[in-house]
Structures are given as structure tokens and as C-alpha cells.
Amino acid sequence: MNFFKIKTTWTNAELIVLKLCIATAYILVGGYFHTFFGHYRTAVVAIFGITVIWSVYLWATKMKKG
């Protein structure tokens, strides 16, 4: 299977979504261990969920084109 050998290109705007997704995942981990982020857990989970779906959608459309 050549799944990991497929090359795609990403624009800076598309990378922002992916980076935001990764950053919110780190905040979720930090929120689990720290009470400061615990107050914002709902907002962070919402942002994480939206960006995960958006990133997977962008990745899937790139894979179909490539």
C-alpha cells in the first residue's frame, strides 16, 4: 500500500487549520492537568472538534485530487 508515499501540497491557509487543531489538542492535554484551562474546556473541545473534522476533510479532498 502506497498510502504514506502520496505527496500533496498544502497552502498556508490550510495549514492554519491543521496547526489550530494540533494546538487545541495540546491545550486539552494541558487542561486535563491544569485547572486554568479547565474553565475553558467546553470552548477548547468545540474548537478541537471543528478543526479535526475540517482537517480530515481537507486531507481527504487532497488525497482524491492526488
Side-chain angles (χ1 to χ4, degrees):
M1 186 163 124
N2 294 330
F3 180 73
F4 293 109
K5 294 182 181 180
I6 297 174
K7 304 254 187 223
T8 60
T9 57
W10 291 73
T11 64
N12 288 335
E14 292 169 338
L15 283 175
I16 289 171
V17 175
L18 183 62
K19 289 178 182 181
L20 184 61
C21 174
I22 293 168
T24 52
Y26 283 125
I27 292 173
L28 281 174
V29 171
Y32 184 77
F33 295 107
H34 196 274
T35 57
F36 175 75
F37 288 111
H39 299 291
Y40 306 106
R41 185 178 310 258
T42 306
V44 171
V45 168
I47 292 170
F48 176 70
I50 290 168
T51 55
V52 163
I53 293 169
W54 195 356
S55 297
V56 170
Y57 171 75
L58 289 173
W59 177 73
T61 56
K62 290 274 185 194
M63 295 297 287
K64 286 182 183 179
K65 289 180 183 177

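Worth saying up front: this structure is predicted, and the values here are computed from it rather than measured.
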Solution key, residues 15-28 side-chain donor-acceptor pairs under 3.5 Å, sequence neighbours excluded:
residue	atom	partner	partner atom	Å
T24	OG1	L20	O	3.0
T24	OG1	C21	O	2.9

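A donor-acceptor pair is defined here as one N or O able to donate and one able to accept, closer than 3.5 Å; such a pair exists between the side chain of T61 and the backbone of L58.
Pairs of residues two or more places apart, or lying in two chains, never qualify as salt bridge (charged side-chain N to carboxylate O under 4.0 Å, His left out) while including a residue from residues 47-59. Applying the salt bridge (charged side-chain N to carboxylate O under 4.0 Å, His left out) test to pairs two or more places apart or on separate chains, none has a residue in residues 23-36.
Rounding to the nearest 0.5 Å places OH of Y57 at 10.5 Å from CD of E14.
Residues satisfying the side-chain contact (heavy atoms from CB on, under 4.5 Å) test with T42, not counting sequence neighbours, are none.
The hydrophobic cluster containing I50 does not contain I47, counting ILVMFWY residues as joined when their side-chain heavy atoms lie under 4.5 angstrom apart, directly or transitively. Both W54 and W59 are assigned to one and the same hydrophobic cluster, defined by single-linkage of ILVMFWY side chains at heavy-atom distances under 4.5 Å.
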